[in-house]
Q: 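A single structure is presented below for examination.
Please read all numbers here as calculations on a predicted model, not as lab measurements. Chain identifiers are assigned alphabetically (A, B, ...) following the order of the sequence lines, protein sequences preceding nucleic acid strands; residue numbering begins at 1 within each chain.
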Protein chains: 2
Amino acid sequence: MAINRTLALVHETELARAVGERVMARLMKGSVAQLLPPRAVLFEEGTEPEMVHLVLSGRVGLVASGGTDHEAVIETFGAGSLLVVPAVILSLPYLVSGVVLTEARIMMIPAASFRRALDDEPALARAVVDMQARHWRLLIEQIKDLKLRAAPQRLAQWLLRELGAGPGTVLQLGEPKRIIARRLGMSPESLSRAIAALEEAGAIHVEGRAITVVGRRALEMAAGGMTNTRG
Amino acid sequence: MAINRTLALVHETELARAVGERVMARLMKGSVAQLLPPRAVLFEEGTEPEMVHLVLSGRVGLVASGGTDHEAVIETFGAGSLLVVPAVILSLPYLVSGVVLTEARIMMIPAASFRRALDDEPALARAVVDMQARHWRLLIEQIKDLKLRAAPQRLAQWLLRELGAGPGTVLQLGEPKRIIARRLGMSPESLSRAIAALEEAGAIHVEGRAITVVGRRALEMAAGGMTNTRG
DNA sequence: GTCTGGACTTGACGCTTGTCAAGTGTCTTG
DNA sequence: CAAGACACTTGACAAGCGTCAAGTCCAGAC
């Protein structure tokens, strides 16, 4: 049962579609799938990469401690994502750790065989270019948020982006708020207050892990620039 | 200053070395080189990409305004860098603007021909993968800085990284401090204070645009975390 | 049922940092 | 030489946000 399910999931990934049957089969040779519980660590900041991780289900976060006391969540990824290829490609130590957030099925591809495939399978290189391009844009957006928007604006911006993916007005949070707070570059307390502010403004309504956008217009205003005085 | 000079510069780029004579010649077909003064805008946030920009000399910054009143500098790039390939690859609007910081010679490659070459020249795709991987790491380091380090720590961290590139102890700033401040995610005033603090701590000595590291140990203390240089 | 632990909220407080404003120095311009 | 422009510094001040601490709510254990 596990094998069937895993293979099906592998097939559904964007990577599989992009590189085709043969290359995917080659990548799978020597790879293993694992079902991991929350808090499992896939790889650790500062260590040399030995595997490439393909997320088949669940959610995984890139977490950085960087020598300081607390941790930052850089980004979280869901099914279909190929994790932290840069470290593998360059054979350099990871800059972040990979942590399972919700029970996740992970395909682990040996780094050496991934690098070899990258060199002699043009389709793989081409697919990786596209993936990296998309990931780059995620980070750029995030840096823009961090450098020129205040905490409540960042939340509003994030909500709009998450919403953009699905056309509904209800957003089911897939991660604890603590994780989202750190992803947004703020403390959990500040996230609480930012959420309260958006409710106050009539932009959203929150019930536990479900956020309903009741005023898309108000939400866009809050994301824009007018949050809490001080132009 | 004419064709010779430009061709020589093109040859010296990492890209040229990676993809070889033939592919580089193909990319150059239809491309034009331009010598641009400071404040010249290569491309603008929100517009569709029409060119890929290869920096041959000088320095170029990626700047974002993101709808808010002030601007943030995302990153600056020098000779050999290929700018904002992601937008071109994905045919999506730029997330940032490209602005010349110090007089720069730029090779402009038509986006369409770059995309075509990317599809049928494996060497190019492979080279782009490596470049994107290095750029990804720059952004990751930056996000870590922004999320878990205070302003003076970010400066110390940045100094150590800039220093890592060359083995000396003197750092000649290639950009006005105002630009560096925005790259570090702080106001020019805060940068001034951060510099003063590092001098106070006996870590550096500043004379105009030259920063001398007089206490590498003290500087590392101030950075307060591990620095993983290399690209 | 009560107890306990975890996720989240709320309040109080202080540090960091951005903003506004004035001051210094240098380079250019008339 | 004076006037202006510009880059940077310094000081005063308030806002934003993180931290500490308490409080609420809820699920699971017993």
Side-chain angles (χ1 to χ4, degrees), chain A residues 37-39 61 65 68-73 101-102 145-158 171-201 204-211 222 225-231, chain B residues 37-39 61 68-73 101-102 145-158 172-201 204-211 222 224:
Chain A
R39 307 191 57 89
S65 70
T68 57
D69 39 359
H70 39 240
E71 292 190 333
V73 176
L101 298 177
T102 73
D145 278 352
L146 290 169
K147 282 188 179 167
L148 37 83
R149 287 192 251 269
Q153 291 178 300
R154 293 205 292 271
L155 170 61
Q157 201 85 24
W158 182 83
L171 192 61
Q172 270 293 341
L173 300 183
E175 307 129 20
K177 293 209 181 75
R178 166 181 42 90
I179 298 290
I180 294 171
R182 293 307 178 186
R183 156 59 244 263
L184 292 175
M186 66 185 80
S187 66
E189 292 93 328
S190 287
L191 176 59
S192 255
R193 287 186 250 265
I195 289 176
L198 287 185
E199 280 192 293
E200 193 86 15
I204 61 175
H205 177 69
V206 182
E207 289 177 71
R209 287 272 169 87
I211 299 184
M226 60 139 278
T227 331
N228 282 2
T229 63
R230 217 167 22 141
Chain B
R39 307 192 55 89
T68 58
D69 41 358
H70 37 238
E71 292 191 331
V73 175
L101 300 177
T102 73
D145 278 353
L146 290 169
K147 282 188 180 167
L148 39 80
R149 288 192 251 269
Q153 291 179 300
R154 293 205 292 273
L155 170 60
Q157 202 86 21
W158 182 82
Q172 268 293 340
L173 300 184
E175 306 129 22
K177 291 210 182 75
R178 165 181 42 89
I179 298 291
I180 295 171
R182 292 306 178 189
R183 156 58 244 265
L184 292 175
M186 66 185 80
S187 66
E189 293 94 328
S190 286
L191 176 59
S192 254
R193 288 185 249 267
I195 290 176
L198 289 185
E199 281 192 291
E200 192 87 16
I204 62 175
H205 178 69
V206 182
E207 288 175 73
R209 288 270 171 87
I211 298 183

Q: Evaluate the criterion side-chain contact (heavy atoms from CB on, under 4.5 Å) for residue pair B/Leu191 and B/Arg178; output intermediate values, then yes/no.
A: CA-CA 8 Å; B/Leu191 176 59; B/Arg178 165 181 42 89; over 6 Å; no
Q: Please state how far atom CD in A/Glu175 lies from atom P in C/dC8, giving the value in whole angstrom units.
A: 11 Å
Q: Taking DNA chain C as the partner, which of residues 185-198 of chain B come within under 4.0 angstrom of it by heavy atom?
A: B/Gly185, B/Met186, B/Ser187, B/Glu189, B/Ser190, B/Arg193
Q: Expressed in angstrom and rounded to an integer, what is the separation of A/Glu199 atom CD from C/dC8 atom C1'?
A: 13 Å
Q: Rounded to whole Å, how long is the line connecting atom CG of B/Leu155 with atom C1' of D/dT9?
A: 15 Å
Q: So, is B/His70 near the phosphate of C/dG18, with a side-chain N or O under 4.0 Å from OP1 or OP2?
A: no
Q: B/Ser190: which residues meet the side chain to side chain donor-acceptor pair (under 3.5 Å) condition with it, sequence neighbours left out?
A: B/Ser187
Q: Any donor-acceptor pair under 3.5 Å linking the side chain of B/Arg209 with the backbone of B/Leu173?
A: no
Q: Starting at atom CG of B/Leu146, determine the distance to atom P of C/dT17, rounded to an integer number of angstrom.
A: 12 Å
Q: Any chance you could lay out the side-chain contact (heavy atoms from CB on, under 4.5 Å) test for B/Trp158 and B/Asp145, step after step, and finish with the verdict?
A: CA-CA 9 Å; B/Trp158 182 82; B/Asp145 278 353; 5.8 Å; no
Q: Test of understanding: with salt bridge (Lys or Arg N to Asp or Glu O under 4.0 Å), list the residues that count as partners of B/Arg182, not counting sequence neighbours.
A: none
Q: Name the nucleic acid region contacted by A/Arg209, choosing base, sugar-phosphate or nothing; use a 4.0 angstrom heavy-atom cut-off, strictly under.
A: sugar-phosphate
Q: Without decimals, in angstroms, what is the distance between B/Lys147 NZ and D/dG18 C1'?
A: 16 Å
Q: In Å, rounded to the nearest 0.5 Å, how long is the span from CG of A/Leu184 to NZ of A/Lys177?
A: 12.5 Å
Q: Under the salt bridge (Lys or Arg N to Asp or Glu O under 4.0 Å) test, which residues partner B/Arg193, sequence neighbours left out?
A: none
Q: Any side-chain heavy-atom pair from A/Gln153 and A/Leu148 closer than 4.5 angstrom?
A: no
Q: Please tabulate the protein-to-nucleotide N/O contacts below 3.5 Å involving nucleotides 24-29 of chain D, giving atom names and distances.
A:
none

Q: Taking atom P of D/dG16 as reference, at what distance in whole Å does atom CG of A/Leu148 sit?
A: 17 Å
Q: What is the distance, to the nearest angstrom, from the CG atom on A/Leu173 to the C1' atom on C/dA7?
A: 13 Å
Q: With B/Glu71, which residues qualify under salt bridge (Lys or Arg N to Asp or Glu O under 4.0 Å), at least two apart?
A: none
Q: Roughly how many Å is it from CD1 in A/Ile211 to C1' in C/dT9, rounded to a whole number?
A: 14 Å
